[in-house]
Amino acid sequence: MQTTRWRWLAVLALALGMLVAAGCGDDDEQAGSAATATTEARTFAAGTTMAKLQDEGEITIGVKFDVPPFGFKNPQSGEVEGFDVDLGKRIADALGVKPKFIEAVSDNRIPFLKDGTADLILSTMTITSERDKEIDFSEPYFVARGRVLVKDDSKIAGVDDLAGKKVCTALGSTYEETLKKQAPKAELRLVDSYSECLELIQNGAVDAISTDDVILTGMIIQDDSLKLVGEPLTTEPYGAGIKEGNDEFQTFVTDVVSEWKQDGGWEAAYQKWIGQFTDEEQDPPTMTLAEALKLN
Ligand code: GLU
């Protein structure tokens, strides 16, 4: 636990150092809203979820707390930050309300929407037809790929080598199914949060971790004795999760996501949280919700 925490601090120091070097250290706090400067709070008809949230002055958003670079609770500042968090701030800005970020791990994302604990989920959540039966999604705002992570000296070269191996992933994630299908003889270790998987591979209790590439890359940034192996297993389009049957709110969130992808906000967040670490360029996804639903 302690080791991981210190590693996060190191990552954070690195990230802050890079931002300062890039001459934008002072603007860091504003970075989420810099790209949203043009966003103005809109007016909504009484009775809509948007109007209710405006009355309350706050929107509760479930994000990951231990998944840099998407959702991460910075132990120094106590602030929650990352790509999903920037999108959450953008949606809150469009409503003119304060975002309140709460932790939503993989397995409680859908229950949190159903019981009203969260108004919105932005938690590295893949759009799937199974999940779509219980909740609604915005259009895709990011597309990840499923991968396998091992220690540098591991002989595992991909998903086909996982038979008889201990493999960690999160309870309630898409990888429960993926691994059952693609590595039926692997011994699955299902945990609540990805930081637990990281600790388990570091102390040798599991041989591999499987989940989205961006989550695994976040682990490699924390621990460079880990590496990705094999070909991508799956395509995982991320959507904002919304309580089922609230069409107006779904349209509103999708509109904000579309604007964010078109006006440079997405690129700024991508570069800040992902691009600068991976040196990879990426465009905002063009996949539609209907296409995403056909994939998984
Ligand atoms: N994107 C996958 C999912 O929604 C894996 C990541 C996660 O568990 O948050 O299940």
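Counting convention: from 1, in listed order, for ligands and their atoms alike.
For ligand 1, the polar-atom distance check finds an N/O of Ser106 within less than 3.5 Å of one of the ligand's N/O atoms. Checked against a 3.5 angstrom limit, the closest N/O atoms of Tyr175 and ligand 1 fall outside it. Annotation: Arg109 places an N or O atom under 3.5 Å from an N or O atom of ligand 1; distance criterion only. Where the criterion is an N or O separation shorter than 3.5 Å, residue side chain and backbone included, Thr211 fails it with respect to ligand 1.
Atom numbering of ligand 1 starts at 1 in the shown order; those under 4.0 Å from a heavy atom of Lys64 are 7 (C), 9 (O). Atoms of ligand 1 lying under 4.0 Å from any heavy atom of Met125, numbered from 1 in the order shown and given with element: 4 (O). Atoms of ligand 1 found under 4.0 Å from any heavy atom of Thr124 (numbered from 1 in listed order, with element): 1 (N), 2 (C), 3 (C), 4 (O), 6 (C), 7 (C), 9 (O). The distance from ligand 1 to the heavy atoms of Tyr194 drops below 4.0 Å at these ligand atoms: 5 (C), 6 (C), 7 (C), 8 (O), 9 (O). Close approach to Ile215 involves these atoms of ligand 1, each under 4.0 Å from a residue heavy atom: 6 (C). The distance from ligand 1 to the heavy atoms of Tyr238 drops below 4.0 Å at these ligand atoms: 1 (N). The ligand atoms of ligand 1 that sit less than 4.0 angstrom from a heavy atom of Ser123 are 9 (O). Which parts of ligand 1 touch Arg131 is read off a 4.0 Å heavy-atom cut-off, strictly below it: atoms 3 (C), 4 (O), 10 (O).
No heavy atom of Glu177 sits closer than 4.0 Å to any atom of ligand 1. The closest approach between a heavy atom of Thr128 and any atom of ligand 1 is not below 4.0 Å.
Annotation for Asp152 and Lys227: closest pair O-NZ, 3.1 Å, computed over non-hydrogen atoms. Of all heavy-atom pairs spanning Pro69 and Ile274, the tightest one is CG-CG1, 4.0 Å.
A donor-acceptor pair under 3.5 Å is formed between the side chain of Glu176 and the backbone N or O of Gly172. Here the side chain of Asp263 pairs a donor or acceptor atom with the backbone of Gly265 at under 3.5 angstrom.
Side-chain polar atoms of Glu196 and Ser193 form a donor-acceptor pair below 3.5 angstrom. Inspection of the Lys64 and Ser123 side chains reveals an N or O donor paired with an N or O acceptor under 3.5 Å.
No part of Glu176 comes within 4.0 Å of ligand 1, judged by heavy-atom distances. Contacts of Thr126 with ligand 1, taken as heavy-atom pairs under 4.0 Å, involve both backbone and side chain.
Note on Lys89 versus Glu79: no salt bridge recorded, every NZ/NE/NH1/NH2 to OD/OE distance being 4.0 Å or above.
Taken together through direct or relayed side-chain contacts under 4.5 Å among Ile, Leu, Val, Met, Phe, Trp and Tyr, Ile127 and Ile215 form parts of separate hydrophobic clusters. By the rule that hydrophobic residues join a cluster once side-chain heavy atoms approach within less than 4.5 Å of another member, Phe142 and Trp273 end up as members of one cluster.
No side-chain heavy atom of Val257 sits under 4.5 Å from any side-chain heavy atom of Trp266.
Protein heavy atom nearest atom 5 (C) of ligand 1, with residue, atom name and distance: Asp212 OD2, 3.3 Å.
Within the 6.0 Å centre-distance limit, the rings of Phe83 and Trp260 are counted as a close aromatic pair.
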